[in-house]
Number of protein chains: 2
Amino acid sequence: MTQDYDKRPDDLRIDNLKIDDLRRAFRRQGLRLTPQKVTVWRLFADSTKGLTLPEACRALQEYAIGQATVYRVVNSLCELGFLLHIHGPNGEHRYLAGHSGHVHHLICRTCGHVREVTDCDLSTLEKLLAAQTGFAVEGHHLEFYGQCPRCTPLPG
Amino acid sequence: MTQDYDKRPDDLRIDNLKIDDLRRAFRRQGLRLTPQKVTVWRLFADSTKGLTLPEACRALQEYAIGQATVYRVVNSLCELGFLLHIHGPNGEHRYLAGHSGHVHHLICRTCGHVREVTDCDLSTLEKLLAAQTGFAVEGHHLEFYGQCPRCTPLPG
DNA sequence: CACCTTTATGATAATTTTTCTCAATGACTC
DNA sequence: GAGTCATTGAGAAAAATTATCATAAAGGTG
Ligand SMILES: [Zn+2]
Ligand SMILES: [Zn+2]
Ligand SMILES: [Zn+2]
Ligand SMILES: [Zn+2]
């Protein structure tokens, strides 16, 4: 039976459509979709500010998922493009469930709250750089940082 | 005598002017400039692709600098803005001696070679984001990645 | 559905990285 | 030159990451 995901505690909600995306993506690499992978994915998909690996390990202990598995799954999810890394308030690596397509992030330096930024056109600059440097520019990583509304000190 | 830096092996060259900048910056925080700090700085100032902390520790063993010191100094240099972090080919954190001012980087995904990018105007976008999201946008971090000329597979 | 092949998992150990502690050293001020 | 106080490095300790390997189970097959 492939469908025992329902047994999983559902305090980690996510649209089930994505599960099929996951399965397809893993399959394509000859990998298998397991309940553990789904649970790991759900944890991240549900997080608004991303998690560090140790944080994820601690959170997933509750579901009896070993840390070796967490490390492996997070790596896979990264390689498959389901997770991106961003930097938290202290510069620490955090993994964030990413939507598909070209997306960047606006990160609060105080509380770590993350907001997506879809407005970005650096393609012109990329072409210019390629011409100037001889690099074959393949992409970019862009993070904005500042203070989210809740953390912004009141003006005046 | 404050000037026993010359005793240091000079296979790590750097313009001496910067040393005074360092001293001033440290002083401003009530910190002292020591030969160890200078040596650490020189190592980074001389690196073209940046170093990870462990790499720096290994390299500085030769100069009998303890790892505790390396960690401390790198942190200070970061806070003072002399070092920036970038991501190497495998996503690992690397510390790179940064020039002052607004600078980004173009990083080879194969060999890690880094090239500076000074051409960037995201201020317009920053203002737009601030208006749209309510964030007080303070800055951004931008990395381009691709293949440097030497690593680019020949076309055709 | 039962079977089989192959990947995945998790307990454990081993490494590596990072942080602490503290006595001794040395930078900088007066 | 003397005194103050940040700095240093050895070493211990903690934390994070990776490696092993016997066992469990996913997914395909008939
Ligand atoms: Zn905030
Ligand atoms: Zn972009
Ligand atoms: Zn990073
Ligand atoms: Zn290269």
Side-chain angles (χ1 to χ4, degrees), chain A residues 1-8 19-20 22-41 43 51-80 83 85 88 90-95, chain B residues 1-8 19-20 22-41 43 51-80 83 85 88 90-95:
Chain A
M1 67 200 58
T2 343
Q3 231 54 31
D4 54 345
Y5 308 130
D6 320 70
K7 290 181 191 163
R8 298 270 152 198
I19 301 293
D20 290 325
L22 279 182
R23 172 171 286 113
R24 264 190 296 275
F26 278 112
R27 281 264 183 77
R28 209 170 300 136
Q29 312 287 319
L31 305 179
R32 296 170 182 172
L33 185 61
T34 62
Q36 287 91 339
K37 283 176 180 144
V38 175
T39 303
V40 173
W41 162 249
L43 175 67
L51 298 103
T52 63
L53 247 353
E55 284 171 354
C57 287
R58 281 189 287 274
L60 290 165
Q61 267 184 326
E62 181 179 350
Y63 305 115
I65 296 187
Q67 54 173 12
T69 301
V70 177
Y71 276 81
R72 280 183 295 235
V73 173
V74 167
N75 271 351
S76 297
L77 288 173
C78 263
E79 285 171 11
L80 295 175
L83 293 181
H85 28 261
N90 301 311
E92 78 278 12
H93 253 56
R94 307 189 82 82
Y95 297 82
Chain B
M1 68 199 56
T2 345
Q3 231 54 30
D4 53 345
Y5 308 130
D6 320 69
K7 290 180 190 161
R8 297 272 150 196
I19 301 295
D20 290 326
L22 278 182
R23 172 172 286 113
R24 264 192 294 277
F26 277 113
R27 282 264 183 77
R28 210 170 300 136
Q29 312 287 318
L31 305 178
R32 297 170 182 171
L33 185 61
T34 62
Q36 288 89 340
K37 282 175 181 150
V38 175
T39 304
V40 173
W41 163 248
L43 174 68
L51 297 102
T52 63
L53 249 351
E55 283 172 354
C57 287
R58 281 190 286 274
L60 291 165
Q61 268 183 323
E62 182 180 350
Y63 304 114
I65 297 187
Q67 54 174 10
T69 301
V70 177
Y71 276 81
R72 281 182 295 234
V73 174
V74 167
N75 271 353
S76 297
L77 289 173
C78 263
E79 285 172 10
L80 295 174
L83 293 181
H85 29 261
N90 302 310
E92 76 279 13
H93 253 60
R94 308 190 83 82
Y95 297 83

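By the side chain to side chain donor-acceptor pair (under 3.5 Å) test, A/Ser76 pairs with no residue at all, sequence neighbours left out. Residues passing the salt bridge (charged side-chain N to carboxylate O under 4.0 Å, His left out) test with B/Glu55 are B/Arg94, sequence neighbours excluded. For A/Phe26, there are no ring-ring contact (aromatic ring centres under 6.0 Å, His included) partners at least two apart in sequence or on another chain.
Across the protein-nucleic acid pair, A/Leu31 atom CG and D/dG28 atom P stand 13 Å apart, rounded to whole Å. A straight line from CD1 of B/Ile65 to P of C/dT25 spans 18 Å, rounded to a whole angstrom. Here C/dG10 presents its C1' atom at 18 Å from OH of A/Tyr63, a figure rounded to the nearest Å. Spacing between atom CG of B/Asn90 and atom P of D/dT17 amounts to 15 Å, rounded to whole angstrom units. A/Gln36 has its CD atom 5 Å from the P atom of C/dT9, to the nearest Å. Nucleotide D/dT17 holds its P atom 12 Å from the NE2 atom of B/His93, rounded to whole Å. One atom, CZ of A/Phe26, and another, P of C/dT7, lie 15 Å apart when rounded to the nearest Å. Rounded to whole Å, atom C1' of D/dT18 lies 16 Å from atom CD of B/Glu92.
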Using a 4.0 Å heavy-atom cut-off, write out nucleotides 16-21 of chain C from 5' to 3' as B (base contacted by protein), S (sugar-phosphate only) or - (no contact). -SBBB-
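By the 4.5 Å heavy-atom criterion applied to side chains, A/Asp20 and A/Arg24 are counted as neighbours. Considering only heavy atoms from C-beta on, B/Leu53 comes within 4.5 Å of B/Tyr95 through its side chain. Annotation: side chain of A/Val73 is in contact with side chain of A/Leu77 (closest heavy-atom distance under 4.5 Å). The closest side-chain heavy-atom distance from A/Asn75 to A/Arg72 is not below 4.5 Å. Using a 4.5 Å heavy-atom threshold, the side chains of B/Val40 and B/Tyr63 count as separate.
In this structure, B/Gln61 contributes its side chain and B/Ala59 its backbone to no donor-acceptor pair below 3.5 Å. In this structure, B/His93 contributes its side chain and A/Gly91 its backbone to a donor-acceptor pair below 3.5 Å. At least one donor-acceptor pair under 3.5 Å links the side chain of B/Thr39 to the backbone N or O of B/Pro35. In terms of modelled atom types and a separation under 3.5 Å, the side chain of B/Lys37 and the main chain of B/Arg32 share a donor-acceptor contact.
From one end of the helix from C/dC1-D/dG30 to C/dC30-D/dG1 to the other, with five pairs defining each end axis, the axis direction shifts by 50° (rounded to 10°).
When each of C/dG10, D/dG27, D/dT8 is scored by its nearest atom to the side-chain atoms of B/Val73, the top-ranked nucleotide is D/dT8. When distances are taken from the side chain of A/Pro35 to each of D/dT8, D/dA26, C/dT9, the shortest belongs to D/dA26.
Phosphate contact (OP1/OP2 of D/dG28, side-chain N/O of A/Arg27, threshold under 4.0 Å): present. Contact between the side-chain N/O atoms of A/Thr34 and the OP1/OP2 oxygens of D/dA26 is not found at any separation under 4.0 Å.
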Between the protein and nucleotides 3-5 of chain D, list the N/O to N/O atom pairs that are separated by less than 3.5 angstrom.
residue, atom, partner, partner atom, Å
D/dC5, O2, B/Arg32, NH1, 3.0
D/dC5, O2, B/Arg32, NH2, 3.3

